[in-house]
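The structure appears below as structure tokens.
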Amino acid sequence: MAAHLKKRVYEEFTKVVQQQQEEITAKKLRLTKPSKSAALHIDLCKATSPADALQYLLQFARKPVEAESVEGVVRILLEHYYKENDPSVRLKIASLLGLLSKTAGFSPDCIMDDAINILQNEKSHQVLAQLLDTLLAIGTKLPDNQAIQMRLVDVACKHLADTSHGVRNKCLQLLGNLGSLEKTATKDSDSTAVRDVQKIIGDYFSDQDPRVRTAAIKAMLQLHERGLKLHQTIYNQACKLLSDDYEQVRSAAVQLIWVVSQLYPESIVPIPSSNEEIRLVDDAFGKICHMVSDGSWVVRVQAAKLLGSMEQVSSHFLEQTLDKKLMSDLRRKRTAHERAKELYSSGEFSSGRKWGDDAPKEEVDTGAVNLIESGACGAFVHGLEDEMYEVRIAAVEALCMLAQSSPAFAEKCLDFLVDMFNDEIEEVRLQSIHTMRKISNNITLREDQLDTVLAVLEDSSRDIREALHELLCCTNVSTKEGIHLALVELLKNLAKYPTDRDSIWKCLKFLGSRHPTLVLPLVPELLSTHPFFDTAEPDMDDPAYIAVLVLIFNAAKTCPTMPALFSDHTFRHYAYLRDSLSHLVPALRLPGRKLVSSSVSPNITLPEDPSHQFLQQSLERVYSLQHLDPQGTQELLEFTIRDLQRLGELQSELAGVADFSATYLRCQLLLIKALQEKLWHVAAPLYLKQSDLASAAAKQILEETYKMEFMYSGVENKQVVIIHHMRLQAKALQLIVTARTARGVDPLFGMCERFLQEVDFFQRCFITDLPHLQDSFVDKLLDLMPRLMTSKPAEVVKILQTMLRQSTFLHLPLPEQIHKASATIIEPAGESDNPLRFTSGLVVALDVDATLDHVQDPQSTVKVQVLYPDGQAQMIHPKPADFRNPGPGRHRLITQVYLSHTAWTEPCQVEVRLLLAYNSNSRIPKSPWIEGGEISSQVETGIEGTIPFSKSVKVYIMPKPARR
Amino acid sequence: MPEIRVTPLDTSRELFQHLRPALGVSGASSGTDVTHLHVISHGVDDELEIKAYYAGHVLGAAMFQIRVGAESVVYTGDYNMTPDRHLGAAWIDKCRPNLLITESTYATTIRDSKRCRERDFLKKVHETVERGGKVLIPVFALGRAQELCILLETFWERMNLKAPIYFSTGLTEKANHYYKLFITWTNQKIRKTFVQRNMFEFKHIKAFDRAFADNPGPMVVFATPGMLHAGQSLQIFRKWAGNEKNMVIMPGYCVQGTVGHKILSGQRKLEMEGRQLLEVKMQVEYMSFSAHADAKGIMQLVRQAEPESVLLVHGEAKKMEFLKQKIEQEFRVTCYMPANGETVTLPTSPCIPVGISLGLLKREMVQGLLPDAKKPRLLHGTLIMKDSNFRLVSSEQALKELGLAEHQLRFTCRVHLHDTRKEQETAMRVYSHLKSVLKDHCVQHLPDGSVTVESILIQAAAHSEDPGTKVLLVSWTYQDEELGSYLTALLKKGVPQAPSGGS
């Protein structure tokens, strides 16, 4: 012991000496300083104590190092490493080596030998672990070099016997990441026995340290992720680990079992203590189910999550997961679910009022009762009742996935899902409602279940209610009482929360169209008609009455006998609603009425749709008439634009395409008009004020091209090229106009320069598409590019002018699926005559509720704009959490906008609208050049702007002066 | 033989009489000492350690592990393995006690999910309130009252209901105070929302005043006691019983003879004191909200704790018999169910910790490469017992510590070998023979003509009488006994003639 102490003292002493030596080397270094980062590194040599050195290293690590200088830095670090006695500094150096070897563009094979060298002489376990980490970084950087990988694996195997868990951990990690995938590679290289990485890692499943066991399992999973097929023998080993004392081990083991079960689902494993055999996936499913009642919630979450993805499991095991045998005093009891079902089938309404309602029935055979479930029994029953909501959510998700793949299971799990609607945590409730919606194709709700579902409609959370409305949209109800119940509850909901109006109407629309036959017998009651007496006409503006009518009219669409039950005023109301709420009320075949729209609606689905043909034809007509006289072209364009617009209004399916093409034609029309201007024929000095139209046209074309590029979803690359081409033409026009109007040449120089850069940019971005642009403006422009680069601005302008005139009109290929982004502000409605009063200088919160269609990534693009009467405009960025996604392509924005202003004498209206923000380089296709890091030099980068895409709504406000 | 003795007693008073002399607790404290929850371990003295685990059931309920040295006992008391609206589930780690003493109230019951019960309860209350009726919920002060309060409170909040909820003053109020204080012992939801609002600061639930009972309109009242046998709950019951719009919900068990039991068994005309006849028109509902673990829960706890043996208390013998059988069958552990006053003695095999010196351990670690839990490994060392303290050290160190000189024990053996050649040649033959046989041992031929195998010395000498016979002297130490005896046996079989011997 004394000797040991002495040695340590000696070490301390030598350390001081070492630092002095370092200072000497510092001077040398300064002379041969290879680079900037190495110069930074000199600091390290000045360090007088390990703490100092560590500080310098930490500082150094904050700055990035260029790829060229990495090698130099590494050398210096290594030099230090050999001399350093303090393990903490060595540790930091080792970690820096790892970081540096990750630098892009640096090949770390040169430092590998050194790293392995120092590894062999290292004594400190922590530094060893760090060095192995560095080797791992090197190894992952060179995935193709088999020899290096082999060597690293050898090193890792050597250190596996280390006494420190940290070192063993890292070794296993290394093996997991670099362990050879093909054994052939090893055979030819060396005569040493082929290392079976899986065997080596598997041996550490029984290590004494739980952290090492975890690392071993993780390494195995890593091997799997890299594409190595795990042996089936691992399954048994992993099963043993399920009863480990430590939760990380169990959690990882569950994952491993899952992986093996996906690899060998069909192989057969024996059941211990019996002669039977079952499929491996079933066995694994049972084992994972067992872990759902583990002691640690981390394991429970893991297990519950994985259950969802085991779709190959046999249905009989799957159904066991919902099984729970109840008993009381050893007598079998029925569950509440069973009772409810029985009551329902016996025709009684659930009374539940008797004490003895749940009285136990038959005696249970004591031997047959299994208290601890073997296998899958009751796993979901446990998971859904778990203490932690994380487990419950995971269980609900798993239930959803399994139910989607098995309709029988979906039917069975319904009761449990319905129960989850009353969970104490809102997230769980919401999740279970969404789950139910996803599986709703497979299920029909019983009345008692519907009852429970509908009870949630009174929830005060808007999200829950709307999710429930969505659910009701796609549920199947089995009886007319069910429909009636749903309607009554929805009307109650409407009375309590009037803001839900639209969502409820929409819900009733689907409910009606899904269940016409069930609605039919309810009609007289719902419309309160009487066989003999005329009843009072209901108020047409009552939302509840509209709701009832929406249900009935949608049911009547497929039920021709229904209109016979309507009274006179119902027909009148129908006519009114068909006009005012056309999206909710379908066209009906009413007696004594001509079906205006029936000629359109049945044909929509046909492939030779005439409207689509019309669209094609009119566009082709425009494109084919290239060389018409200017007057004729203009007229044709105007007519076609008009046609297209009208077509878009009539046919919602074609609205996107029609609008898109109309916009493009409008740009062309503007361009042609601008070029027809008289000013081009006038001598230069006289044109001063006459160019208004041309410059306005240029500006408008620019705006339209941005709209085309960013407001439509589904725009493809070939369209983007055409749009950019149009924009380029507009810019050329702008340049020419400026050249004609501006005095002096100085501003022209800059503009010319910029324009040429843009042309260059265009060429680089769309080089692959250039062959399609034959004969176009840009095609000619590029031909003349060398000449343009050298010419004077005046000459450039002249060339451009002739080219613009000569260039042909490019054909815009129509994209497959194109939708125009649109938004509707539901709230504020803009109808109120009562001004919103608030004290000036303070803020008032305005609720904004809007639906967004076909907006990509609304969280970052959609903004709210408020325009005050004094011209002041305010832009508000809604929080990401304010956007909800109720369906594909649809979004919903529910947010609050804060208004404030100085005092006004009179109430006045502010305008609220939604804007779509764009950034011009976001859509540009990535070409190899751009990826090469040249983007910073682009001219066009970061042209940002906004496009208004909703109608503005007026809100009446009145800031009052503050009372004193 | 070390053992643990357990005697179940009748009441807690008896327990205290037994414990008082042992622990020095004054008899006045009535067993409601507050323990810190989830897991708190507390060393009482050097040997005794008490650890408390969270038990659910009621606020502050705990299960205890008592450990002395390597032996430990877990006593559960009442616990609940299913979480409810205000408390989490009981939890225990894999502490592997020698004995687990568990309650077994519901030894033969497996309960349905709590959700259905809660849903039914809420639905009934909601319907009655919507109809304009009044709901009476007789409860006991602690436990269920809070659970139901939370349940109704959150429901009112969720559904935006306005009808007032009252709870009777007195005990319940005091109990609520404790719930507000010990928020950390409640369930996940309450703990998480605590930052915004303490859930026990009820928004919708107010203190009850006697005069409120006559107020018109709907209301919900929690009143004590729970079985409607006296007090405020009975008073309110009398006032409201006549109206069929009203409802009484009995959330728990009722003893025979109480008003609660009578109305639950369907009696519609009650005879009150003073010969009055009270007609019960209000609806009567029963809901079982019990906070004990059911058979599944008990099994789950046993599974988590992994005890060596289980002892069931607090239950009916017949039911316990069933559970006992199940526990023995599933976990293969012994299970006891002694009657009150009966003593169970169970033997234990305590492990005795022995300290091993680091030097010895490291020396051993170097030899074996792979860790292998299955194979036991032999280890040479000396066990020193000193002051009830065991240590395993290497023999050299033991000698040094004890101040003893090392004695060397050597065995020598003579083996006669028929060989006519010279001693050196014989030695050479022996050397080459041993070299070929003992491949993994170090065999050396020394310059003085002797052969060594590890530390065993072999010398060849001519026989004094018979020159055709050579005598091999084999000598080894006690430590090499195994190899030495093997070697002699090998040499006695004779050395094969070397082909190069040339005759």
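In what follows, every chain begins at residue 1, and chains take the letters A, B, ... in the order their sequences are listed.
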Next item on the list: Working to the nearest 0.5 Å, report the span between CG of A:L457 and OH of A:Y497.
Entry: 10.0 Å
Check: Rounded to the nearest 0.5 Å, how far does OG of A:S432 lie from CZ of A:F416?
Finding: 14.0 Å
Notebook entry, point to check: For atom NZ of B:K400, is the number of surrounding heavy atoms from other residues, nucleotides or ligands below 6.0 Å larger than 12?
Noted result: no
Would you mind checking which part of [X] comes under 4.5 Å of any heavy atom in chain B, side chain (CB onward), backbone (N, CA, C, O), both or neither?
X	answer
A:D386	backbone
A:D209	neither
A:R429	side chain

For chain B, the option from [options] that forms the most heavy-atom pairs under 4.5 Å:
options	result
A:M388, A:E426, A:M420, A:E458	A:E458
A:D245, A:I425, A:V456	A:D245
A:T452, A:T163, A:V418	A:T452

Checklist line | Considering all heavy atoms, the nearest A:R300-A:G295 contact | finding: NH1-O, 3.5 Å
Checklist line | B:G260 versus B:L228, closest heavy-atom pair with distance | finding: N-CB, 3.8 Å
Check: Got a sec, which residues hit side chain to side chain donor-acceptor pair (under 3.5 Å) with B:R268, two or more places apart in sequence or on another chain?
Finding: none
So which part of [X] gets closer than 4.5 Å to some heavy atom of chain A, the side chain, the backbone, both or neither?
X	result
B:R85	both
B:K114	backbone
B:E157	backbone
B:N187	side chain

Next item on the list: Kindly write out the residues that satisfy salt bridge (charged side-chain N to carboxylate O under 4.0 Å, His left out) with A:K412, not counting sequence neighbours, or none if the list is empty.
Entry: A:E319
